[in-house]
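Step one of this worksheet: look at the structure below.
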Amino acid sequence: MSHIAATDDLFFNKAGLDLSRTQRLVDDTLNGADDGELYLEYCQSEGLGYDDGRLKSASFDTAQGFGLRGIAGEAAGYAHASDLSEEAIARAAQTVRTVNAGHGGTMAADPAGTNRTLYTDLNPLGAVPFDTKVKVLADIDAYGRGLDPRVRQVSASLAGEWQAVQILRAGGERGADIRPLVRLSVSIVVEQDGRQESGSFGGGGRIAYDTLIDAAYWRGAADEALRQALVNLDSVPAPAGEMAVLLGPGWPGILLHEAIGHGLEGDFNRKKTSAFAGLMGQKVAASGVTVVDDGTMMDRRGSLSIDDEGTPSQCTTLIEDGILTGYMQDRQNARLMGMKPTGNGRRESYAHIPMPRMTNTCMLAGDKDPAEILSSVKKGLYAVNFGGGQVDITSGKFVFSCTEAYLIEDGKIGPAVKGATLIGSGPDVLTKVSMIGNDMKLDDGVGTCGKEGQGVPVGVGQPSLLVDNLTVGGTAA
């Protein structure tokens, strides 16, 4: 069954909307507008948390609703409701029409259609019995506690979502998508000589639960959480100062996402509030640096068959060999900037207006062996995993905390350090990249990006990366 047919069953058969009358409402509402759509959504979600040796939380939620948008120039009218009825849509239309009243715009061309699917449409929530999920979490708890006598606490959680959307545009063009999303998280606390440290691992994607509940997978997750905890148990206070920083492959791409990626979103550049505004075609990074945003990767957490405006996702080259070549665009900002949409129009839910957002943002591999990069560093920091961080989009300045990092001494990995933070500017960091590894890796499927109060699932990735002369904040006396 096509996604249009499947979502028709949800919205026009079960929810009771009449397609022809709903389409007329959309056509009337967007008369004279430059763009707009009716976004219909049905979403099931669940979460199970296991802590202190027992199931501590279990939730299941079903949400549905619509968002109606009209665009006139730079202005947008938006109204939404959880009531999927023609009466509610008609009331929303009264608000939205005020934006394009008397505007006389020409409706933008419809997105290109696609039959491509990048993930299963199977609903993961009902495919695995509740008791099986609880048993898996209990098994993780028992396994984790038996790994090492220093283990004091094990926490594990499973989360899943199944989202169905349909997008109606003026004139009758429609798009639809069915999106699964699952995640497993494991955290372990260890104690030795009165000192406690923790480690964690998470993974998932737009897949069913099968991979995550396989014993080989969750045991690997618990093993990794314990490894990180034991590394932190032996860590020493981090030094502070200017030094070379070697970023590990995979999840450290979150620094790229935050410090650079947001600055390459269309709205910030159209409004000239990004550090990259007005630099198209100019050199903004060291030679060899190529950054893409790729929403077309199979089964990845940040991937989308179509975005939340109906545009098929694509692989957009943002920086090529150090030259700024593109921005991530939704439909409105692309039109206002004279560019093409790139499939990056995203929203958290029907209650949120779409805006340019990242999907899977990655730096491509270079030609250096990671061992060669490491051996070139006389003294520095090897940053393997990151926790929280803060970024100023306008300036690109950032502060990121390392959850796993090591000193580099004479080209070799030294002791683990605790309390290291990386401080710098995204645009500046790009120019200080001196060596790029051939070991490009994607994250394990845990990223959620926040922007203007909206959270959406994303992916990151990068190879090993040597940055010369970056400020490290530390805790050593």
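In this chain, numbering begins with 1 at the start of the sequence shown. Values reported hereafter were calculated over all heavy atoms of this structure, with side chains retained and with hydrogens, waters and symmetry mates removed.
- Checked by atom type, the side-chain pair N344/E265 shows no donor-acceptor distance below 3.5 Å.
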Q. When you look at I167 and E309, which way does the side chain to side chain contact (heavy atoms under 4.5 Å, CB included) test go after all the steps?
A. CA-CA 7 Å; I167 300 159; E309 299 178 308; 5.6 Å; no
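- For the atom pair CD of E404 and CG of N232, the computed distance is 7.0 Å after rounding to the nearest 0.5 Å.
- A donor-acceptor contact under 3.5 angstrom links the side chains of S313 and R116, judged on distance only.
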**Report entry** Step-by-step side chain to side chain donor-acceptor pair (under 3.5 Å) determination, D51 to Q153
**Finding:** CA-CA 8 Å; D51 201 5; Q153 180 64 33; 2.3 Å; yes
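- In this structure, T296 OG1 and M298 CE are separated by 10.0 Å, a value rounded to the nearest 0.5 Å.
- Aromatic ring centroids of H262 and H257 lie under 6.0 Å apart.
- Between the side chains of N385 and T403, no donor-acceptor pair is found at a separation under 3.5 Å.
- Around CG of N115, the count of heavy atoms belonging to other residues, nucleotides or ligands within 6.0 Å does not exceed 12.
- Taking each heavy atom of A351 and Y78 in turn, the nearest pair found is C-CE2, 4.1 Å.
- Interatomic distance, Q166 CD to I178 CD1, rounded to the nearest 0.5 Å: 10.0 Å.
- Within a 6.0 Å sphere centred on NZ of K397, heavy atoms belonging to other residues, nucleotides or ligands number 12 at most.
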Y209 vs D214, test: side chain to side chain donor-acceptor pair (under 3.5 Å). Steps then yes/no.
CA-CA 9 Å; Y209 276 124; D214 181 84; over 6 Å; no
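- A donor and an acceptor atom, one from each side chain of Y119 and D177, are located under 3.5 Å apart.
- Within 6.0 Å of the NZ atom in K56, the count of heavy atoms belonging to other residues, nucleotides or ligands exceeds 12.
- Listed here is the closest heavy atom pair of A383 and A405: CA-CB, 4.2 Å.
- For the pair I140/Y50, no side-chain contact is recorded, criterion being any heavy-atom separation below 4.5 Å from C-beta on.
- Heavy atoms only, all atoms of each residue included: F12 and D18 are closest at CD2-C, 4.0 Å.
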